[in-house]
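Written out below as structure tokens is the structure these notes cover.
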2 protein chains.
Amino acid sequence: MGSSTGGRPPVMADVAKAAGVSHQTVSRVLNDHPNVRAETRSRVLEAIDLLGYRRNMVARALVTRHSRTLGVVSFDTTLYGPASTVYGIEQAARDAGYFVSIVSLRTIDRAGVRDAINYLIEQGVDGIVVVAPQRSAAAALEDLSPGIPIVAVEGGHSGQVPVVCVDQAEGARLATAHLLKLGHETVWHVRGPQDWLEAEGRVEGWHETLSTAGREIPEVLSGDWSPRSGYEAGKRLATMAGEVSAVFVANDQMSLGVLRAFTEEGVRVPEQISIVGFDDIPESEFFSPPLTTVRQDFGAVGRHSIDVLLGQLEEGAAKVLERFVVPPDLVVRGSSAPPGA
Amino acid sequence: MGSSTGGRPPVMADVAKAAGVSHQTVSRVLNDHPNVRAETRSRVLEAIDLLGYRRNMVARALVTRHSRTLGVVSFDTTLYGPASTVYGIEQAARDAGYFVSIVSLRTIDRAGVRDAINYLIEQGVDGIVVVAPQRSAAAALEDLSPGIPIVAVEGGHSGQVPVVCVDQAEGARLATAHLLKLGHETVWHVRGPQDWLEAEGRVEGWHETLSTAGREIPEVLSGDWSPRSGYEAGKRLATMAGEVSAVFVANDQMSLGVLRAFTEEGVRVPEQISIVGFDDIPESEFFSPPLTTVRQDFGAVGRHSIDVLLGQLEEGAAKVLERFVVPPDLVVRGSSAPPGA
DNA sequence: ACTGAGAATGTTAGCGATAACACTACCGAA
DNA sequence: TTCGGTAGTGTTATCGCTAACATTCTCAGT
């Protein structure tokens, strides 16, 4: 590749010299300016190819004040939900011609989120998506230095930034109503961890559906999203097998734990107890029995968050603080059936 | 925040004026140069705080020629393996004071990988980690424009770049030997997709262990990592329940599918057939029965890849092209037992 | 008091690109 | 012929920072 540039990678001036034009003309070719003669353009392109020239985006970003890079702040991208969301965001960003820089927090707290955001701003990102599924993370969005567009995914309606999220309460309503419609007297619930907004939303939808239907509202069991915590909840539910006929579990991983506990305790699903999960991870279809669950469209969440972000970027700060809600779907499989079936 | 900078974000010169020093002194404070009087330093820091100044890393990168950003090229970061690897890389990079820019490919082919790498180089990353678990991706590393350190994770020994990976063959040996030791005559295998190096490595270790032990080598079944493909393989294996007593499945998701198929066909695990998986995803412990599997330490892979990359960065190109292998572990659970137990 | 070595600070010159403006052709209309 | 408009190109300034060198200050040793 690079010849006659003395070892160092070629810069625009080298291309200009090789093509016999000014560096500005090279810049025009690179940026598709209309006022360049076709012959000149091809001569420049030839020189670029010959020298193996690559534009220095850092220098470009310095003068244009745009890096065409977006920042993403997330939490534990090993979990299916966050991983899928981040993937969706990355794909949507790239389709829009943007790069993605990721900061994956180990623990989420106000300071961590704020630091991550500052870190990204220093790096010169044009906008930031914060995947903030926890109350404490959402809170961190309250005290923000303005000046850069931010979108929260799965965050609360903090009022400070636009939010894109799946309608958790609606998903819980679908799940609970499905079980009631099958004929169950009431529905038990294994909720997610306290600090998570998604867990709250699911409790809310479940609670609302039961009370609207005038049903008894059982004590809520708690988990931390992990299969193990579901297993523990399942052990407790198994001891109450007489009074429990249907359980709405706040995610699929915990559902797996509940199923395992039931299997160990000889509780048959769905004959004795029906189970509905949440997320529709790829494994759910192959649980024993296959899990009825609520599917979230993470790809849509990613795309919308990028849409909103780029909207802010292009239309300036005057943009309305929207709240974009993606509807979930119920996927019915073998883990739910009429009581005593 | 920012006052007296006329609306625009403050720059170093603004801080300098506010502190009554030159911008160079501000730079020195920011870069922890020794030759700054303590009193001056604190005056500068005060001004920084007062103005809400944030250093422009883009300008800094332009002059230092280092962005302190690393690029990661990956494939389908929704899968547990890649997601965990990327997470490990990101954490290790941040601990080392580096940012991470991610390009997540939808499909992996030579052109895609090369474009992604060029894309990242243009962006000014200091080095690149390519998570290239497929043969075609590894091939893309052959024809590389040099000039920037690259490390392959899970890639083949292409000879062009250093590689960090888990010893797949060793994991397969552990799994197969475990089943033989339990007393099984031979071990069947459900392999991963053709193009994947990990799938090849696992086949290799399995095959080698069987032939070393002088056992018959059964026909290999194929899957694509998905639970569904495991399910289909499981259906076939169930029809041969008489002659099959042990199966080594190339990942945990497929193992789940196999388990599901066996459950449907009334094949009991581990009484009739033992199963060993690979990966140790968080769900495996709660399968029915809990899955014996091979654990990969993705965190270690991430850390080592960053180590190698930074090593290249700091010690120049003279670095040896190493191959760093992380050993896997066997995790014994309920899905494996002596034959006919 | 004088000197010289270092510490502490300031000044100038880029990094590699784009923006803004200046300039040269060339065209058709007056 | 003269003029104005526009397509095509070049020149200069600038983005915000650090490197390199220049300068001033401080203080011990004579």
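Quick note on labels: first sequence line is chain A, next is B, and so on, each numbered from 1. Quick note: numbers below take in every heavy atom, side chains included, and nothing from hydrogens, waters or symmetry partners.
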A:R65, nearest nucleotide to its side chain (from D:dC15, D:dT18, C:dT18): D:dC15

Does A:T40 put a side-chain nitrogen or oxygen below 4.0 Å from OP1 or OP2 of D:dG8? no

Given C:dA17, D:dA7, D:dT18, identify the nucleotide with an atom nearest to the side chain of A:A59. C:dA17

Check whether B:E90 reaches the backbone of A:S104 with its side chain - one donor and one acceptor, N or O, closer than 3.5 Å. yes

Of all the choices, D:dT18, C:dC15, D:dT11, which nucleotide is nearest to the side chain of B:S27 once you look at every atom? D:dT18

Select base, sugar-phosphate, or nothing to describe what A:N56 touches, counting heavy atoms under 4.0 Å on all strands. sugar-phosphate

Verify the distance criterion only: is there a donor paired with an acceptor across the side chains of B:N118 and A:R54 at less than 3.5 Å? yes

Picking from D:dC17, C:dA8, C:dG16, the nucleotide nearest the side-chain atoms of B:V63 would be D:dC17

In this structure, how many angstroms lie between the P atom of C:dG10 and the NE2 atom of B:H33, rounded? 15 Å

Tell me whether the OP1 or OP2 atom of D:dC15 has a side-chain N or O from A:T64 closer than 4.0 Å. no

End axis versus end axis in the helix from C:dA1-D:dT30 to C:dA30-D:dT1, the angle rounded to 10°, five pairs used at each terminus: 50°

B:V130 to B:V113 - nearest heavy-atom pair and separation: CG1-CG1, 4.4 Å

What is the distance, rounded to the nearest whole Å, between atom NE2 of A:H23 and atom C1' of C:dT18? 9 Å

Any chance you could measure B:S74, atom OG, to B:E154, atom CD, to the nearest 0.5 Å? 10.5 Å

Could you tell me whether B:D95 and A:R106 have a side-chain N and a carboxylate O separated by less than 4.0 Å? yes

Mind calculating the distance between CZ (B:R55) and C1' (D:dC15) to the nearest angstrom? 17 Å

Measure the distance from CD on A:Q123 to C1' on D:dC17 and round it to the nearest whole Å. 14 Å

Do B:Y80 and A:Y80 have ring centroids that are under 6.0 Å from one another? no

Is A:D14 salt-bridged to A:R8, going by a charged N under 4.0 Å from an acidic O? yes

Between A:Y53 and C:dA17, is there a side-chain N or O to OP1/OP2 distance below 4.0 Å? yes

Distance check needed: C:dG10 P versus B:K17 NZ, whole Å only. 15 Å

Using a 4.0 Å heavy-atom cut-off across all strands, classify B:V21 as base, sugar-phosphate, or nothing. sugar-phosphate

Whole-Å distance, B:R41 CZ to C:dA8 P, equals 10 Å

If we ignore angles and hydrogens, is there a donor and acceptor under 3.5 Å between the side chains of A:S136 and A:D195? yes

Measure from the side chain of A:Q24, starting at C-beta and using heavy atoms only, and say which of C:dT9, C:dA20, D:dA7 lies closest. C:dA20

Rounded to whole Å, please give me the gap between CZ in B:R37 and C1' in D:dT24. 12 Å

Upstream residue (5' side of DNA chain C) when B:L62 and B:T25 are each assigned their closest nucleotide: B:T25

Choose from D:dA7, D:dT18, C:dA17 the nucleotide whose nearest atom is closest to any side-chain atom of A:N35. D:dA7

Considering heavy-atom distances to DNA chain C, does A:R28 or A:M12 have its closest nucleotide positioned more toward the 5' end? A:M12

Rounded off to whole Å, could you give me the CZ-to-C1' distance for the A:R60 and C:dG16 pair? 12 Å

